[in-house]
Amino acid sequence: MQQDAPKAVDDAALNARFEARIEAGETIEPKDWMPERYRTQLIRMMSQHAHSEIVGMLPEGNWITRAPSLKRKMSLIAKVQDEAGHGLYIYCGTETLGVDRAELVDQLLTGKAKYSSIFNYPTLSWADMGVIGWFVDGAAIVNQTVLAKASYGPYARAMIRICKEENFHKKQGYEIMATLANGTPAQKAMAQDAVNRWWWPSLMMLGPSDANSPNTAELIKWRVKRKTNDELRQRFIDLTVPQAQAVDLTLPDPDLKYNEETGHWEHGPIDWDEFWAVVKGNGPCNRERLQARRDAHEKGAWVREAAAAYAAKHQPASASNAA
Amino acid sequence: MSNDDLFEYLLRLGDDRLVLGHRLSEWCGHGPILEEDIALANIALDLIGQATLYLHFAGEVEGKGRNEDALAYFREEVEFRNLKMVELPIGDFAFTIVRQLLFDAFSFLQMQELQKSANSELAGIASKGYKEVRYHLRHSSEWLQRLGDGTEESHDRAQKAVDDLWRYTREMFAADEVEERLHAAGIAPDLRMLEPQWRTMVADVMQRSTLSIPSDVPPLEQDERGRHTEYLGHMLSEMQIVARSHPGAEW
């Protein structure tokens, strides 16, 4: 790493060079010098993203055993498996910033780290598997397409790869919804109910409005974020409204209207009290989600210990990697 | 050999894989380590994919217009033809891995032989499955060695799983008239020939895992296909609930 001799002078010079590189649109790589604050902000964002993938396996995993056809069952397993893969990939990306996965997982399990608030809502019908793909993956794509141009190389590259899979998930989710919307009256009602329950939480998922997003300015300056939360939300709404119209499902916002001048769909007020309550731990499933992760971690402890012990016996050189 | 025999046999092949794949998918999101969430989901996907092919073919052979979903979602538990071993709850990770090994070794030998089946469609499905099951077998063998030869706790858990599961293994080789007629017609392998090969394969992995095969476990009575434990009905009631709540619906 960097020397710490005449530190203040060096830091000022390094900092200036770093800012210049960001300004020039260069990509920052793990071995490059970076301000400590940049590093910690990235660890926060990337680990939060990885945790969201992992916790996000639970609401959809809830329907794997009840998927109504073999084809749907397989595509749902594959989707949840992809989320595990994304989590793993982003944890690895985060490790390039000098923090290990065990520490990050510990932050999740102790409640120190956050994950996306959307996963604290329950999945109550099969249609939720469609609407999550359509809305939640749809919103994630809007966010991640922009993050794919982030200044930190490993994160940007992870986003490019992940976006490809998320696009597939979104198409699959929308196709589930289209099938239900064109199905029996009971299926159509199931689809509409899922839309009603997931629309507002999905809008909230893109983060607090710009006025209440303390990290945004700094992250935009460093080109970690490239658009504000409100800009992303607007893009998501503009993309989703015509999709809902195409399958004859109604978005539950009486104030939703098209503004001819701006070319954007305007939405009604978002209940930010609900958002903050869920973020603070009072969503419908916060406790259950964290408990499920803790249970898996604790019940798996003896397996991880066994793998480490076996590796130590048989491959002494790489023993420390197995835990 | 009649179509009834082939239909029955395809249900056995399909149901073993459907039920075991369903059980494995219950781990998704709850595995001991993220890499295993991915690996177990992968194996579950392969098994359900294989089941889909066998059940689809079964529906064609039966000729009554039932497809793979009709067979998976609209049969009662007594109509399922899977081994009892695959329907048992997932237990702990050691139980899951031991069951996988016992089944993977069986499936490996079964697929290897079925590739040569006189029924070319069956041979084709088996040949695709054979490639997958080679990976499954490697996965369960490697994990069993880690567990058996890991810590004292993991060894004890693995040994207990072997002891608990061993009595279910005879059913795999309980050749009835259906299997015998299909073997005579060159369609299905001779189970009596597979059994010693299976024993050798399993014994080898057990030995490398420092685990022992119990010698004094009497096999279960009534170990013919179509007999079940009480667990299958509960599994199916969950698996079939949405499909059965909306009969005739497309998904």
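Labels below follow one simple rule: chain letters A, B, ... track the order of the sequence lines, proteins then strands, and each chain is numbered from 1.
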Between the side chains of [X] and [Y], is a donor N or O closer than 3.5 angstrom to an acceptor N or O?
X: A:T65; Y: B:E238; value: yes
X: B:H22; Y: A:K73; value: yes
X: B:N42; Y: A:Q81; value: yes

Legend entry - A:Y89, OH atom: more than 12 neighbouring heavy atoms under 6.0 Å: yes
Inset, instruction - Would you give the length of the straight line joining atom NE2 of A:H297 to atom NE2 of B:H30, rounded to the nearest 0.5 angstrom? - result: 15.5 Å
Legend entry - Value rounded to 0.5 Å, distance of CG in A:L70 from OG1 in B:T52: 4.5 Å
Heavy-atom check, side chain of [X] versus side chain of [Y], under 4.5 Å:
X: B:W27; Y: A:I64; result: no
X: B:D92; Y: A:W302; result: yes
X: A:Q187; Y: B:W251; result: yes

Heavy-atom closest contact ([X] atom, [Y] atom, distance):
X: B:A249; Y: A:T184; answer: CB-CG2, 4.3 Å
X: B:P32; Y: A:G300; answer: CB-CA, 3.5 Å
X: A:L58; Y: B:G29; answer: CD2-O, 3.8 Å
X: B:L45; Y: A:M74; answer: CD2-O, 3.2 Å

Inset, instruction - Would you sort out whether A:K313 and B:D149 count as a salt bridge (charged side-chain N to carboxylate O under 4.0 Å, His left out), showing the intermediate values? - result: CA-CA 9 Å; A:K313 278 185 218 177; B:D149 193 16; 3.1 Å; yes
Quick one: what part of [X] sits under 4.5 Å from any heavy atom of chain B, side chain, backbone, both or neither?
X: A:L88; result: both
X: A:L76; result: neither
X: A:R72; result: side chain
X: A:M129; result: neither

Could you tell me which of [options] has the largest number of non-hydrogen atom pairs under 4.5 Å with chain A?
options: B:E35, B:R157, B:Q240, B:E68; answer: B:R157
options: B:L55, B:L147, B:I97; answer: B:L147
options: B:T151, B:L34, B:V242, B:L18; answer: B:L34
options: B:H246, B:M239, B:H155; answer: B:M239

Please determine, among [options], the option with the most heavy-atom pairs under 4.5 Å with chain B.
options: A:A84, A:A296, A:S69; answer: A:S69
options: A:G87, A:G130, A:A292, A:A78; answer: A:A78
options: A:A186, A:G183, A:A67; answer: A:A67

Inset, instruction - Select one option (side chain, backbone, both, neither) describing which atoms of B:A51 are under 4.5 Å from chain A's heavy atoms. - result: neither
Inset, instruction - State plainly whether the residues B:E250 and A:K71 are in salt-bridge range, i.e. N to O under 4.0 Å. - result: no
